[in-house]
Structures are given as C-alpha cells and as structure tokens.
A.B. asks: 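Below are the structure tokens for one structure; questions will follow.
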Amino acid sequence: MENGLNTGIKAFDEMVGEVRQGEVIVIAGRPGMGKTTIALQILAKNFLDKKCLYLSSSDNITTCFNNIACVLGNLNRYENEQEIFASVDKVIDSKLNKTLHLWAFDYNFISLSVELVKLKMEKGLDYVFIDEFQLLSPDISAKLRAKWLKSLAQSLGITIFVTTQIKRTRDYDRIDCTTINYDLYYLADKVLGVYRKDCFMTINDIGRIKKGESFLCAVKNNAGKQAAITAYFNYARCAFSENFIDEDW
C-alpha cells in the first residue's frame, strides 16, 4: 500500500507525499488548533477505500462521531441533537463492520496492541488513528511508547497516525524536536503541524487575518522537505479547506 495522503486539500496532500505501510505519522499542535480535526478529516476521506480505526477516550468519542458526520458532508450545521445522531448512525451503520471502526479505549498500550493484532487478523487494517500520544500508558517512558508505536506499525504493516501537543512556547507555530516529544519526533516518518492563526490574533491582526486562517505544514518527510500552506478552518463543517469560505456558510 503506497498512496498519497488524502485530506481533500490538494496542495497539502502533494506536500506530504506518499503514505506507506509501517509508517508513523505525527500530527502536532497546541490544544484547539485542529489536530483531531485533521486526523478525522484523513479518516473521513479514506475509510471508503481503506480499513480504518480511530481510537479516542470515552470522553470525546461521541464528538468524534459528530465531527466525522460533518466532514462527510451529512451536516451543514449543528441544528439539533436529534439530527446529528440520526446522521451519525447512518454513517456508522453502513460502514462499521466493513471499513470504519471507532473505539473508546483506556490508553493501555499492551491491551491496545493485542486488540490491534486481533483486528488486523480478523478484518484487516490499513490506517490507525490514536488521539493524544501523551495519554498512552503514561506510566511507560515516552521513548518506549514511541518505539512501541513504530514497531507496531511495522510488524502489522499498518500506518499509524498519532496526535500530540506541542510545548508552550512564544512561537506557537513552531514544530520541531524541542516543542514535541524528542523520541516521537525522530522515530516518526512524517511530522505534520497545524496552527490556527486566528486563535492568537492580536489587536493589530484584526482585519488582516481571516476567520479560520491556518497553517498546515509538513515539517519532516522522506524527502526531507519542510514546507507549509495556508488553509482555512470551516467552523460549520469541522474541517479544513484550501479556500476561504465566508462566515455565512
């Protein structure tokens, strides 16, 4: 399995390049910047062709359902709770047993590894998304967790996407080994960064920065490139797009 990344943002996909079996791809950013959104956007764009698993805590798995429905275009707005869940149920019922799996899990690395092996053997598995690296078995050192992720991806022949927070710095858009876990950074095959410029607007930025204006960057990939594009967060769809969309969506 060697394919280009599919997020629906052509310039970003071309910048990131191919996604291969056995790779660990890190999605990094400050809280609220859109790490989970990017992960869910990749999931939503790929689960029809690939077998995908999304892992999150029980606290936000319902939010994941809702966001997937929005990314897939089943909802334009959060009009009411009944409509949200009716749409989500339709998506989940049609795909859960074939290509899409959503789990709430306790972040125990050993039990997670066992379940992934079982799922790979029984139903096949291409992409695994793990939300929040820092919550994975916090009693185990970060170095061991990172190595475990890499060996798990390689031994099962899957691609693992994992989100992680960057450390608080003055440069909120800085993504490197000093702002995310050192071992995770160097073991990753690709590191993707997301930075919402409108989240840190100053009085001088009003009128200059558009609502949702963001940077999506590929800090590290197999070609050694470092590049970024400007994207826009669509609040109604819970997704990033290449072009700015007016507030009246």
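Predicted model, so just to flag it, every value in this text is computed and none were measured. Numbers here simply count residues along the sequence, with the first being 1. Just the heavy atoms: all of them, side chains too, but no hydrogens, waters or symmetry mates, feed the values below.
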A.B. asks: Is there a side-chain contact between Thr7 and Phe240, using heavy atoms and a 4.5 Å cut-off?
C.D. replies: no
A.B. asks: Looking only at atom types and distance, does a side-chain atom of Lys220 sit under 3.5 Å from a main-chain N or O of Tyr185, one as donor and one as acceptor?
C.D. replies: yes
A.B. asks: Taking the basic N atoms (NZ, or NE/NH1/NH2) and the acidic carboxylate oxygens, is any pair closer than 4.0 Å for Asp189 and Lys150?
C.D. replies: yes
A.B. asks: Out of curiosity, does Phe12 fall in the hydrophobic cluster containing Val194 (side-chain heavy atoms, cut-off under 4.5 Å, transitive links)?
C.D. replies: yes
A.B. asks: Would you check, one step at a time, whether the test side-chain contact (heavy atoms from CB on, under 4.5 Å) holds for Lys147 with Asp183?
C.D. replies: CA-CA 8 Å; Lys147 286 185 175 180; Asp183 297 292; over 6 Å; no
A.B. asks: Please step through side-chain contact (heavy atoms from CB on, under 4.5 Å) for the pair Leu136 and Leu112, ending with a clear verdict.
C.D. replies: CA-CA 9 Å; Leu136 267 174; Leu112 167 62; 3.8 Å; yes
A.B. asks: Got a second to check how far Ile27's CD1 is from Leu192's CG, nearest 0.5 Å?
C.D. replies: 5.5 Å
A.B. asks: Looking only at non-hydrogen atoms, find the nearest pair between Trp148 and Ser113 and report the distance.
C.D. replies: NE1-OG, 3.4 Å
A.B. asks: In Å, rounded to the nearest 0.5 Å, how long is the span from CG of Leu55 to CD of Glu115?
C.D. replies: 10.0 Å
A.B. asks: Examine Val114 and Val117 and state if one hydrophobic cluster contains both, with Ile, Leu, Val, Met, Phe, Trp and Tyr joined whenever side-chain heavy atoms are less than 4.5 Å apart.
C.D. replies: no
A.B. asks: Give, for atom CD of Gln134 and atom OG1 of Thr164, the distance between the pair rounded to the nearest 0.5 Å.
C.D. replies: 5.0 Å
A.B. asks: Where is the tightest heavy-atom contact between Ala239 and Thr37, given as atom of each residue plus distance?
C.D. replies: CA-CG2, 3.8 Å
A.B. asks: Would Leu156 and Leu125 count as a side-chain contact (heavy atoms from CB on, under 4.5 Å) here? Give the steps.
C.D. replies: CA-CA 9 Å; Leu156 293 181; Leu125 200 56; 5.7 Å; no
A.B. asks: Indicate the atoms forming the closest heavy-atom contact of Val24 with Ala153, along with that distance.
C.D. replies: CG2-CB, 4.1 Å
A.B. asks: Is the shortest side-chain heavy-atom distance between Thr159 and Asp126 below 4.5 Å?
C.D. replies: no
A.B. asks: Decide yes or no for Phe233 and Met33: does some side-chain heavy atom of the first lie under 4.5 Å from some side-chain heavy atom of the second?
C.D. replies: no
A.B. asks: Closest approach of Leu149 and Ile160, non-hydrogen atoms and distance?
C.D. replies: O-CD1, 3.6 Å
A.B. asks: Between Gln165 and Glu132, is any pair of side-chain heavy atoms under 4.5 Å apart?
C.D. replies: yes
A.B. asks: Can you tell whether the side chains of Glu23 and Lys190 come within less than 4.0 Å, N to carboxylate O?
C.D. replies: yes
A.B. asks: Should the pair Phe161 and Tyr127 be assigned to parallel (<30°), tilted (30 to 60°) or perpendicular (>60°) ring geometry?
C.D. replies: perpendicular
A.B. asks: When rounded to the nearest 0.5 angstrom, what distance separates CG in Asp13 from CD in Glu242?
C.D. replies: 8.5 Å
A.B. asks: Please give me the minimum heavy-atom distance between Leu184 and Asn181, naming the atom from each residue.
C.D. replies: N-OD1, 2.8 Å
A.B. asks: Hydrophobic clustering (ILVMFWY, side-chain heavy atoms < 4.5 Å, transitive) - are Leu187 and Ile130 grouped together?
C.D. replies: no
A.B. asks: Run the side-chain contact (heavy atoms from CB on, under 4.5 Å) check on Leu40 and Tyr54 step by step: do they pass?
C.D. replies: CA-CA 8 Å; Leu40 289 172; Tyr54 195 92; 3.6 Å; yes
A.B. asks: With rounding to the nearest 0.5 Å, note down the distance linking CD1 in Ile42 to SG in Cys52.
C.D. replies: 10.0 Å
A.B. asks: Nearest 0.5 Å, what's the CD1-CG distance between Ile158 and Leu152?
C.D. replies: 5.0 Å
A.B. asks: Report yes or no: is the cationic atom of Arg145 (NZ for Lys, CZ for Arg) under 6.0 Å from the centre of the six-membered ring of Phe109, at an angle within 45° of the ring normal?
C.D. replies: no
